[in-house]
Protein chains: 2
Amino acid sequence: MTLKALYEHTNCEECPIRHRAVCAHCEKDELEALEKIKYYRSFEAGQTIIWSGDPMNFVGSVVSGIASLTQTMEDGRTQMVGLLLPSDFVGRPGRETAPYDVQATTDVVMCCFRKKPFEEMMASTPHIAHRLLQMTLDELDAAREWMLVLGRKTAREKIASLLSIIARRDASVNKTGITGPIVFDLPLTREAMADYLGLTLETVSRQISALKKDTVITLEGKRHVTIPDMGRLMEEAGDDADGGFLV
Amino acid sequence: MTLKALYEHTNCEECPIRHRAVCAHCEKDELEALEKIKYYRSFEAGQTIIWSGDPMNFVGSVVSGIASLTQTMEDGRTQMVGLLLPSDFVGRPGRETAPYDVQATTDVVMCCFRKKPFEEMMASTPHIAHRLLQMTLDELDAAREWMLVLGRKTAREKIASLLSIIARRDASVNKTGITGPIVFDLPLTREAMADYLGLTLETVSRQISALKKDTVITLEGKRHVTIPDMGRLMEEAGDDADGGFLV
DNA sequence: ATTCCCAATTGATCTCGGTCAAAGTACCAG
DNA sequence: CTGGTACTTTGACCGAGATCAATTGGGAAT
């Protein structure tokens, strides 16, 4: 159970986590070394994993739980700039300090490597460097996709976009494909959703109620979501039914 | 005159462009090969350099002029997701197609390399791969910084943020430092600014007028800007006077 | 059960920025 | 000088989403 996909594959049967990061199970020769320097860290919901501006001496990936990257202005306005789901990579090889806060949204377990040995490993393993570039490009695409959401979409479209992303990500986990209804639990509070979408929590709540009334989604309790028709949701999100990757 | 900074330095006296990309003047041994495969392309203002979704068979950097990365929804709403100033790198090693439109905002000259040989060069030159990762991380930081602008800042703060970025970038070009007044020409129309900031052009115009009235900036004509006090502008932008890199 | 606490919903009102419309300005070609 | 075009400014009005405030709902602990 460590990290993968610094190699080409996107799944490793041996690992309980779907990793998009680095996995030591495959390509044993080069990556066995990673096994030796890995360690686990646990965080409680609400805890700050890394403070913006602090020195950051490890890289790693999320094993379980949800973490978020957030930026905060002096007056308290906050914007979430990324969502870290299990298998997502955290860290910036070659950088000293963290550029944003990383917070545990739920209880989180991370698999970490001290940065120094990881960077040495990177230097001697071109595949890892290459894979890391690809992962960073993915994140960049996701961030830019989200700029469109933040800058130009309506509140309703924003909610639909977020649900769509979580649903798609979830579907890929369960290998369910995207036909038929999709069911999942929202991993975020209304407030966290608001911070991600550049809205207030009241607006988030209202729009979710509206989508429910219009049967775009079904809710059981506050968090358990059913999406009867994924295509419908993506129309609501203003997506042309294929774009919209993100996180 | 080519590209640099796949190496450590951030400036090369021989080159008329400040490059943050790849420059063949330094580290001649490895990079001379780049000289052989480089070529120039010119574009007129308004021209689309690359269409979203099209195959992209080159990488390169802007030599002169301004280009923009934009995403457009079916109904025409557009969001600029990046601004390319001289020396900025364009391209995605390892990716087949372009994820957004690249448009020439002014007349643009680019220095290009066919992707295939560039990627081969990358594979055999770890420094280049490393530098490319660092550049991509910079872009990622910039994109996430901009997410805060788009999601949480007021119209006035957005304008101030944009001016601040252009001013800072411009100051670094002229090695002027950031003391004393800063003078530059806006390289964007009001509409382009609006697309970058997630506003309408009318709001952009109004807020610029307001900043002018409050003597945060001075305007001669429509485009020539003087910033008497950079600190003041950054306060207006809501920045804590050091963050806010971008572009 | 009762209480407490926190997340979420819902309502009433306000406001910033969008929309629609009309001028104003600079630049170019003839 | 004149007309045309593209960019910009300014005004009047409107509405989506923010703000303020009250209420509801659902666990967990007592």
**Student:** Identify the two heavy atoms, one from Tyr196(B) and one from Gln79(B), that lie closest to each other, and give their separation to 0.1 Å.
**Tutor:** O-NE2, 3.1 Å
**Student:** Counting only heavy atoms not in Gln47(B), do more than 12 sit closer than 6.0 Å to its CD atom?
**Tutor:** yes
**Student:** Using whole Å, what does the distance between atom C1' of nucleotide dT10(D) and atom NZ of Lys213(B) come to?
**Tutor:** 14 Å
**Student:** Let me know the distance between CD of Glu157(A) and C1' of dG17(D), rounded to the nearest Å.
**Tutor:** 14 Å
**Student:** Between protein and nucleotides 25-29 of chain C, what N or O pairs are separated by less than 3.5 Å?
**Tutor:**
none

**Student:** Please answer whether the main-chain N or O of Ile66(A) pairs with a side-chain N or O of Thr106(A) as donor and acceptor at a distance below 3.5 Å.
**Tutor:** yes
**Student:** Take the C1' atoms of the five end pairs on each side of the helix from dA1(C)-dT30(D) to dG30(C)-dC1(D), derive the two axes, and give their angle rounded to 10 degrees.
**Tutor:** 30°
**Student:** Given atom CZ of Arg223(B) and atom P of dA6(D), what is their separation to the nearest angstrom?
**Tutor:** 15 Å
**Student:** Identify the residue among Ile49(A), Thr78(A), Thr70(A), Val81(A) that makes a side-chain contact (heavy atoms from CB on, under 4.5 Å) with Asp101(A).
**Tutor:** Thr70(A)
**Student:** For the atom pair CD1 (Ile182(A)) and CD1 (Ile217(A)), what is the distance rounded to the nearest 0.5 Å?
**Tutor:** 13.0 Å
**Student:** Can you give one letter per nucleotide of nucleotides 10-20 of chain C, going 5' to 3': B for a protein heavy atom under 4.0 Å from the base, S for sugar-phosphate only, - for none?
**Tutor:** BBB----SSBB
**Student:** If the test is side chain to side chain donor-acceptor pair (under 3.5 Å), which one of Asp75(A), Asp195(A), Thr72(A) qualifies with Arg152(B)?
**Tutor:** Asp195(A)
**Student:** Identify the heavy atoms of Gly238(A) and Glu74(B) that sit nearest to each other, and give their distance.
**Tutor:** O-OE2, 3.5 Å
**Student:** Report the distance from atom NE2 of His224(A) to atom C1' of dA7(C), rounded to the nearest whole Å.
**Tutor:** 18 Å
**Student:** Return the value, rounded to whole Å, for the distance between atom CZ of Arg190(A) and atom P of dT19(D).
**Tutor:** 19 Å
**Student:** Output the distance between atom CE (Met110(B)) and atom CZ (Arg41(B)), rounded to the nearest 0.5 Å.
**Tutor:** 8.0 Å
**Student:** Nearest-Å distance, CD (Glu191(A)) to P (dA8(C))?
**Tutor:** 9 Å
**Student:** List the atom of Lys222(B), the atom of Arg190(B), and the distance in Å for their closest heavy-atom pair.
**Tutor:** O-NH2, 2.8 Å
**Student:** Between dA16(D) atom C1' and Leu150(A) atom CG, what is the distance in whole Å?
**Tutor:** 17 Å
**Student:** Figure out the CD1/C1' separation between Ile159(A) and dA8(C), and round it to whole Å.
**Tutor:** 13 Å
**Student:** Say whether, by atom type as modelled, one donor and one acceptor occur between the side chain of Arg169(B) and the main chain of Ser164(B) under 3.5 angstrom.
**Tutor:** no
**Student:** Is the backbone N or O of Leu201(A) less than 3.5 Å from a side-chain atom of Ser205(A), with the two atoms forming a donor-acceptor pair by type?
**Tutor:** no
